[in-house]
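Below you'll find the structure, written out as structure tokens, and then a few comments.
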Amino acid sequence: MKQRKHPKALPYLFLSEMWERFGYYLMIGIFTLYLKDANQGFEMTKAESASLYGTFIALVFFTPFIGGLLADRVLGYRLPIVIGGILMGVGYCMMGVHSFSMLYSGMILVIAGNGLFKPNISTLLGNLYNNDDHRDQKDEGYNLFYMGINIGAFACNIVSAFLINKYGYSIAFVGAGIGMFVGVVVFLLGNKHYTGGDVKKVSVPGEKPWWIDLMIVVVPAILFAVIGYFINGVPSETNEHSFLVKDDVTDAFLFACIPVIFFFGYVLFTSPKNERRVVSAILVVCIAVIPFWPFLNRMERC
């Protein structure tokens, strides 16, 4: 039996994701080291760097909800991927500039760019396997796709060590940015092969506008985060331990997750029966992953 070929878009998406992960994991691997470095960085304490790192990671994992919703209902998938990749590349380069304003501005660009890029390249790949010619190859396609993630994550460690030892942190961050820009160029080279997968969700009669779904999650998440941050007071000489778990940032993150869990619970019970298995899996993953980041933040502070 002749083996069928995968969609022509797969190599381009594979390489785009590989370079995106190369840049992201290079950046994230040196982030706290850079913050704590007394010569090239900001001489933060371990607790301060861990708190900023935890906040950054929490927002990186929250924005894909927004980016995915915008792509599904408004923008399609190709445009957010390109815009997101450019934002991340610029953000990585800015983070290497020794200035708090540039650091925070770069972090904001990375958070926004990741929200646009990360959920949509995976969805675009899945859509390309939804036709009858490739439907039964989807799992194999995703396995190949995720090999790109592993390759990028492995290679960046070698490159980052070389760049830091030879040129310093600033050039290492630029290296992450260059990796991201290469990923965008590769993605654009395969643009003609994505047409069949770049399909926006068709609205059905009675369905809520996309921005209502966005507000249902984002506004309560922000409010709950504020409550979590301030619920036990603020640090003072008489109230040194104002947090509930480990610090106020971790409290804010955990509280912000509450509306997200309720949202997916609502989706689970209101979705068609044939979709509930998938939504259930998402809900279980959310519940399992949420405690991981506070635990990681706690380990970083130790």
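Heavy atoms only: backbone and side chains are in, while hydrogens, waters and symmetry mates are out.
Remark: the backbone N or O of Glu48 is not paired with any side-chain donor or acceptor of Ser51 at under 3.5 angstrom. Arg276 contributes a side-chain N or O that, together with a main-chain N or O of Ser271, makes up a donor-acceptor pair within less than 3.5 Å. A distance-only check finds no donor-acceptor pair linking the side chain of Glu20 to the backbone of Met180 [under 3.5 Å]. With hydrogens and angles ignored, the 3.5 Å screen pairs no side-chain donor or acceptor of Asp251 with any backbone N or O of Leu254. A donor-acceptor distance shorter than 3.5 angstrom exists from the side chain of Asn143 to the backbone of Asp139, with no hydrogens or angles considered. In this structure a side-chain-to-backbone donor-acceptor pair under 3.5 Å is present from Thr63 to Ile111.
The shortest side-chain heavy-atom distance between Ser170 and Val97 does not fall under the 4.5 Å cut-off. Using a 4.5 Å heavy-atom threshold, the side chains of Ile28 and Val60 count as separate. Within the 4.5 Å cutoff, side-chain heavy atoms of Ile121 are placed close to those of Phe145. The closest side-chain heavy-atom distance from Met107 to Met102 is not below 4.5 Å. Annotation: side chain of Tyr77 is not in contact with side chain of Leu116 (no heavy-atom distance under 4.5 Å). The closest side-chain heavy-atom distance from Ser16 to Val184 is not below 4.5 Å. Considering only heavy atoms from C-beta on, Met88 stays 4.5 Å or farther from Leu109 through its side chain. Ser122 is listed as a side-chain neighbour of Tyr146, based on a closest heavy-atom distance under 4.5 Å.
By the rule that hydrophobic residues join a cluster once side-chain heavy atoms approach within less than 4.5 Å of another member, Phe162 and Ile158 end up as members of separate clusters. Leu59 and Ile108 are not part of a single hydrophobic cluster, where members link through side-chain heavy atoms under 4.5 Å apart. Side-chain heavy atoms closer than 4.5 Å link hydrophobic residues (I, L, V, M, F, W, Y) into clusters, and following such links, possibly through other members, connects Trp211 to Val218. Under the 4.5 Å side-chain heavy-atom criterion for ILVMFWY residues, no single connected hydrophobic cluster contains both Val279 and Val284. Ile178 and Ile171 fall within a single hydrophobic cluster, where Ile, Leu, Val, Met, Phe, Trp and Tyr are joined by side-chain heavy atoms under 4.5 Å apart, directly or via other members.
Heavy atoms only, all atoms of each residue included: Leu26 and Ser160 are closest at CG-CB, 3.6 Å. Closest approach of Ala225 and Ala252 over heavy atoms only: O-CB, 3.3 Å. Heavy-atom minimum distance, Lys118 versus Ile149: NZ-CD1, 4.0 Å. In terms of heavy atoms, Gly68 sits closest to Pro119 at N-CG, 3.9 Å. Here the closest heavy-atom approach between residue Cys156 and residue Phe22 is recorded as CB-O, 3.3 Å. Closest heavy-atom contact between Cys93 and Phe181: SG-CE1, 4.4 Å.
Ring-centre distance between Phe154 and Tyr25: not below the 6.0 Å cut-off. The distance between the ring centers of Phe255 and Tyr229 does not fall below 6.0 angstrom. Between Phe31 and Phe56, the ring centre distance stays below 6.0 Å.
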Stepwise side-chain contact (heavy atoms from CB on, under 4.5 Å) test for Val260 and Phe62: CA-CA 9 Å; Val260 178; Phe62 180 74; 4.0 Å; yes
Worked check of side-chain contact (heavy atoms from CB on, under 4.5 Å) between Leu10 and Leu144: CA-CA 9 Å; Leu10 178 59; Leu144 293 170; 3.8 Å; yes
Hey, mind stepping through Phe187 and Tyr194 against ring-ring contact (aromatic ring centres under 6.0 Å, His included) and telling me if it holds? CA-CA 10 Å; Phe187 180 82; Tyr194 312 138; 4.5 Å; yes
Could you go step by step and tell me if Leu103 and Phe173 meet the side-chain contact (heavy atoms from CB on, under 4.5 Å) rule? CA-CA 11 Å; Leu103 173 69; Phe173 278 105; 6.0 Å; no
For Val82 and Arg78: C-alpha separation, side-chain torsions, deciding distance, then whether side-chain contact (heavy atoms from CB on, under 4.5 Å) applies. CA-CA 6 Å; Val82 174; Arg78 283 180 288 183; 5.6 Å; no
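Taking the six-membered ring where tryptophan is involved, the planes of Tyr266 and Phe263 are tilted, since the angle between them lies from 30° to 60°. Below 30°, between 30° and 60°, or above 60°: for Tyr34 and His98 the angle between ring planes is above 60°, a perpendicular geometry. Between Phe100 and Phe42, the angle of the ring planes lies from 30° to 60°, which puts this pair in the tilted group.
Atom CZ of Arg135 has more than 12 neighbouring heavy atoms from other residues, nucleotides or ligands inside a 6.0 Å radius. By the 6.0 Å contact criterion, CG on Asn165 is enclosed, its count of non-hydrogen atoms from other residues, nucleotides or ligands being greater than 12. Annotation for Phe269: atom CZ does not count as buried by contact number, only 12 or fewer foreign heavy atoms lying within 6.0 Å.
Side-chain atoms of Tyr129 and His6 include a donor-acceptor pair closer than 3.5 Å. Side-chain contact, Asn191 with Tyr12: no donor N or O sits under 3.5 Å from an acceptor N or O.
Once rounded to the nearest 0.5 Å, the distance linking OG1 of Thr45 with NZ of Lys36 reads 9.0 Å. Considering CZ of Phe262 and SG of Cys257, their distance stands at 12.5 Å, rounded to 0.5 Å. To the nearest 0.5 Å, atom CG of residue Leu87 and atom CG of residue Asn114 are 11.0 Å apart. To the nearest 0.5 Å, atom CG of residue Leu214 and atom CG of residue Leu70 are 6.5 Å apart. With rounding to the nearest 0.5 angstrom, the CG atom of Asp198 is 9.0 Å from the CG atom of Leu79. From Gln40, atom CD reaches atom CD1 of Ile30 across 10.0 Å, with rounding to the nearest 0.5 Å.
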